[in-house]
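One structure below.
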Amino acid sequence: MPAISFCALCSVVSQSAEKDLCVTEKDLLDRIEVIVGDITALSVDAVVNAANESLLGGGGVDGAVHRAAGKDLLAECRTLGGCPTGEARITGGYKLPARHVIHTVGPVWHGGDRREEALLRSAYRNSLRLASENACESVAFPAISTGVYAYPKPAAANVAVSEIATFLRNHKLPKTVVLCAFDETTAELYRSRLAEVQ
Ligand code: ADP
């Protein structure tokens, strides 16, 4: 039975294995970076791909990741047998500057009453867990589900920032998370959510 401890700085209750890993809020904010750009150009340990359940490529960021990584990425994806919505799978990065691609499947937005928020949270959490388990020090996320899947951008930014902050409070890895917006509006949503993190 693991001991339960309570971090005096951030008030997070954690299990003994990770009790020393809680960070102050300032350290937490230092670990989250917002940029505007093309995620396929980033030299990070892992880039997250907003994939579909087939994991066999698609449009948007998925298409860009597969184009930049080359056909060997698709060959590895074929061996995975797909990925349910809310879960994540890891592959090599091939021709990308990133060492790994973490493929996750966000929910399609149907109006909010089909567990969309829970599934989007789960997509972020499972991606971060894979990054941590694979010793990734840096990981970059696109704005999962906010393109063709039509999740409202402000609500999606809220989910992204809150799930990442919660995970980083309790894990040493990844050390840095990059929120890679493709447009300035999304970046501004991230910045304002980060300003509210406490
Ligand atoms: P989804 O199907 O999960 O909605 P999309 O790829 O359609 O995925 O869009 C997700 C987000 O990724 C959108 O905000 C889109 O603007 C952004 N995006 C598209 N291409 C790139 C890219 N090369 N780098 C970073 N973000 C991208």
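Whatever order the structure lists them in is the order used to number ligands and atoms, beginning at 1.
Using a cutoff of 4.0 Å between basic side-chain nitrogens and carboxylate oxygens, E188 and R193 are not scored as salt-bridged.
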Legend entry - Derivation of the side-chain hydrogen bond (donor to acceptor under 3.5 Å, both in side chains) call for R121 and S162: CA-CA 9 Å; R121 287 188 181 280; S162 76; 2.7 Å; yes
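Within ligand 1, the atoms closer than 4.0 Å to a non-hydrogen atom of A64 are 23 (N), numbered from 1 in the order shown. Those atoms of ligand 1 that come under 4.0 Å of a heavy atom in A50, given as number and element, are 3 (O), 8 (O).
Not a single heavy atom of T40 sits less than 4.0 Å from an atom of ligand 1. Heavy atoms of G106 come nearer than 4.0 angstrom to ligand 1 in no pair at all. By the 4.0 Å heavy-atom criterion, T146 is counted among the residues contacting ligand 1. Within the structure, ligand 1 has G37 among the residues with a heavy atom less than 4.0 angstrom away.
Side-chain atoms of E53 and T85 include a donor-acceptor pair closer than 3.5 Å. For T104 and R89, the side-chain atoms include no donor-acceptor pair closer than 3.5 Å. Counting only N and O atoms by type, the side chains of T91 and H100 include no donor and acceptor under 3.5 Å apart. A donor-acceptor pair shorter than 3.5 Å can be found between the side chains of E76 and Y94.
Closest protein heavy atom to atom 7 (O) of ligand 1: V148 N, 2.9 Å. S145 N, 2.9 Å is the protein heavy atom nearest to atom 3 (O) of ligand 1. Distance from atom 27 (C) of ligand 1 to its nearest protein heavy atom, with residue and atom name: F182 CG, 3.4 Å.
Summarising the geometry, atom CD belonging to E163 is positioned 10.5 Å from atom CD1 belonging to I144; distances are rounded to the nearest 0.5 Å. H103 NE2 to L55 CG: the interatomic distance, rounded to the nearest 0.5 Å, is 6.5 Å.
Heavy-atom proximity to atom 19 (C) of ligand 1, evaluated over I39, V61, D38, V48, is greatest for V61. Ranked by closest heavy atom to atom 5 (P) of ligand 1, the top entry among A123, G63, A143, G147 is G147.
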